[in-house]
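If you're wondering where the values come from, they're calculated on a predicted model, not measured in any experiment. Per chain, numbering begins at 1; letters A, B, ... match sequence-line order.
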Amino acid sequence: MIDLKLLQKNFDEVSAKLVRKGVDAKLLKKLKLKNEELKLAKIDFETLQAAQNTMSKEFGIYKREGKDVSELKERVDENKLRIVDALEIQRVRQEELEIIAMAIPNIPDDDVPDGADENDNVEIKKVLTPKEFSFTPKEHWELAEQNGWIDFERGVKLATSRFSVSFGMGAKLERALINFMLNFNSKRGFEEVSVPALVNRAALEGTGQLPKFEDDLYKIDGQELFLIPTAEVPVTNLYQDEILSAEELPKKMTAYTSCFRKEAGAAGRDTRGMIRQHQFHKVELVALSKPEESDKIFEEMVTCASDLLTALELPHRLMTLCTGDLGFGAAKTIDLEVWLPGQATYREISSVSNTRDFQARRAKIRYKDGKQNTLVHTLNGSSLAVGRTMVAIMENFQNEDGSIDIPKALQPYLGM
RNA sequence: GGACAGUUGGGAGAGUGGCCGAAUCUACUACCUUGGAAAGGUAGCGUAGGGCAACCUACCGAGGGUUCGAAUCCCUCACUGUCCA
């Protein structure tokens with residue numbers, strides 16, 4: 001959630017920044033107005049309540065002293081009616097405010113470029129040069145089927161479309177990648193954690209998936225539990241509603257989980273292959289930091305993911321997302337896009353975001369800064385998406401006969 | 001699935017209607033004491049919002065109810081533990 005106090009104090013400035021991200025300025029005006037109204041309603045209620053508390057205390061004293069309370073009771077009863085009204089007004093205003101406030105995205109950083117969509121993202125740099133093929137490189141689904149690594153039909157048979165099954169070397173490679181990535185991240189100082197794949201509503205609200213994006217989540221029937229769309233949700237919320245000590249920060253964690261997404265808005269996109277699946281494996285980086293350290297940690301995370309790709313000999317580029325492509329909770333995001341020779345294009349394989357205090361405010365993650373409690377900054381990033389890494393390996397390491405080489409870094413993990 | 005017990009401040013734990021935002025112990029912080037430390041002493045020590053000072057409001061698992069007044073009584077739910085199936 002955005003900082004309402006900040007919005008109130010520096011309305012023009014904050015509003016201008018949010019308009020860059022496509023938020024309706026009128027909605028922000030309304031939010032400001034609602035916030036002011038709520039404040040008045042609160043003052044109103046609290047004044048009445050203070051009077052009620054005082055009279056109730058008197059009441060007790062009168063009783064003890066055996067005095068007549070009938071006149072006092074009359075006043076108290078009358079005040080009570082006003083309290084009921086005042087409370088109701090406050091409740092309604094609070095609710096209205098929350099509905100608007102929870103749907104406002106994070107304020108983008110000043111250095112985030114303007115833009116409408118992914119076409120306006122700005123390239124930072126390219127790492128490794130794509131190799132020239134003496135033949136026409138195939139797309140990964142063809143290679144996957146030819147080598148017997150992935151069976152798309154049987155995935156559909158077991159579940160529905162956008163599910164797949166890995167066999168033999170395909171399954172082994174998947175497992176090798178997960179281990180390789182976790183070890184790599186651990187060496188960079190990210191502590192490994194293993195977390196539930198189901199989370200409750202509070203966790204999803206904490207990281208911002210709810211209330212706005214419920215349609216993208218798989219929900220357990222009859223229970224307030226959801227399958228996680230990313231490990232970011234359980235890992236960030238580990239410290240929900242806690243006050244950490246300054247010495248504990250930064251907290252750097254890495255987790256492997258399956259991720260589950262309905263891909264409700266993606267009908268017709270990437271229908272073939274394993275670029276966009278309902279269930280996929282991902283190794284995630286999450287960090288909680290002091291505000292002044294989050295830029296540094298952000299760099300570390302981007303570097304970690306990029307170095308991981310380099311270690312796997314996969315050409316890629318770094319892109320700064322423009323305002324229009326920036327996610328709901330992110331103040332800044334750098335995407336890593338890997339080269340896919342079969343498609344002759346770069347495709348997203350990792351997305352690293354600094355949400356600053358946006359999630360921390362919702363999830364109530366603070367740290368003790370001397371006497372003061374301060375919201376931490378939360379960051380998250382994939383390092384990496386496993387399925388897409390498999391895709392990249394298949395397409396970049398293919399030979400003319402359709403066989404696939406294994407990157408050197410992975411060979412020890414496969415007993416080679 | 002059923003029965004009973006429990007859920008209180010960083011931890012332990014008291015509190016069955018007003019004098020309770022909450023005893024006590026412990027941890028922590030500052031100071032005194034010391035050559036230094038320990039022990040001892042003194043003070044401070046939950047969260048959030050409002051005035052931003054005194055102070056006020058809310059919070060004792062969550063939500064609702066009774067009452068002038070609820071941590072305390074009633075209802076619903078969640079979780080934890082023990083026993084039974």
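Remark: aromatic rings of A/Phe358 and A/Phe328 are close, center separation under 6.0 Å. Aromatic ring centres of A/Phe260 and A/His278 lie farther apart than the 6.0 Å criterion allows.
Remark: A/Asp215 pairs with no residue by the side chain to side chain donor-acceptor pair (under 3.5 Å) rule, at least two apart or across chains.
Across the strands present, B/A71 finds no partner; the criterion is a Watson-Crick or G-U wobble pair with both atom distances under 3.5 angstrom. If you check B/A78 for Watson-Crick or wobble pairing at under 3.5 angstrom, you find it paired to B/U7. Base pairing annotation: B/A85 forms no Watson-Crick or G-U wobble pair, as no partner gives both donor-acceptor distances under 3.5 Å. Nucleotide B/A23 has no partner under the Watson-Crick or G-U criteria, as no pair reaches both atom distances under 3.5 Å. Base pairing of B/G40 is made with B/C32, judged by Watson-Crick or G-U wobble geometry with both donor-acceptor distances under 3.5 Å. In this entry B/A14 has no Watson-Crick or G-U wobble partner, no candidate having both defining distances under 3.5 Å. Across every strand in view, B/A58 sits in a pair with B/U47 that passes the Watson-Crick or G-U test at under 3.5 angstrom.
Counting only N and O atoms by type, the side chains of A/Gln146 and A/Glu142 include no donor and acceptor under 3.5 Å apart. Using modelled atom types and a 3.5 Å distance limit, the side chains of A/Ser353 and A/Asn380 yield no donor-acceptor pair. Judged by distance alone, the side chains of A/Glu224 and A/Asn200 never bring a donor and an acceptor atom under 3.5 Å apart. In the model, A/Asp216 has no side-chain atom that pairs as donor or acceptor with a side-chain atom of A/Gln209 under 3.5 Å. If you check the side chains of A/Thr355 and A/Thr378, you find a donor sitting under 3.5 Å from an acceptor. A donor-acceptor contact closer than 3.5 angstrom links the side chains of A/Ser164 and A/Gln277. A donor and an acceptor atom, one from each side chain of A/Thr254 and A/Glu192, are nowhere located under 3.5 Å apart.
The distance from atom CD of A/Gln372 to atom C1' of B/G49 is 14 Å, rounded to the nearest whole Å. Protein atom CD1 of A/Ile43 is 6 Å distant from nucleotide atom P of B/G51, rounded to whole Å. Between the CG atom of A/Leu225 and the P atom of B/A78 there is a distance of 12 Å, rounded to whole Å. The separation between A/Leu40 atom CG and B/G50 atom P is 13 Å, rounded to whole Å. The nearest whole Å value for the distance from the NZ atom in A/Lys9 to the C1' atom in B/C52 is 12 Å.
Of the residues in residues 356-369 of chain A, those with a non-hydrogen atom less than 4.0 angstrom from any atom of RNA chain B are A/Arg366, A/Lys368.
Annotation: B/G17 and B/U66 have their C1' atoms spaced 12 Å apart (nearest Å). Comparing the same atom, C1', in B/U7 and in B/A14 gives a spacing of 15 Å after rounding to whole Å. Nucleotides B/C56 and B/G61, compared at atom C1', are 27 Å apart to the nearest Å. Distance check on atom C1': B/G36 versus B/G50 gives 48 Å, rounded to whole Å. Across the C1' atoms, B/A27 and B/U76 are found 38 Å apart, a figure rounded to whole Å. Using atom C1' as the reference point in both B/C74 and B/U16, the two lie 14 Å apart (nearest Å). One C1' atom belongs to B/C45, the other to B/C25, and the distance between them is 15 Å to the nearest Å. The C1' atoms of B/C20 and B/G46 are separated by 15 Å, rounded to the nearest whole Å.
A donor-acceptor pair under 3.5 Å is formed between the side chain of A/Arg162 and the backbone N or O of A/Arg276.
In terms of position along RNA chain B, the nucleotide closest to A/Ile243 lies nearer the 5' end than the nucleotide closest to the other residue of the pair A/Ile243 and A/Lys39.
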Quiz item: Could you run down nucleotides 54-69 of chain B 5' to 3' and tag each one B, S or - for protein heavy-atom contact under 4.0 Å?
Solution: --SSS---------BS
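Residue-level contact check: A/Leu72 touches neither bases nor backbone, having no heavy atom under 4.0 Å from any strand.
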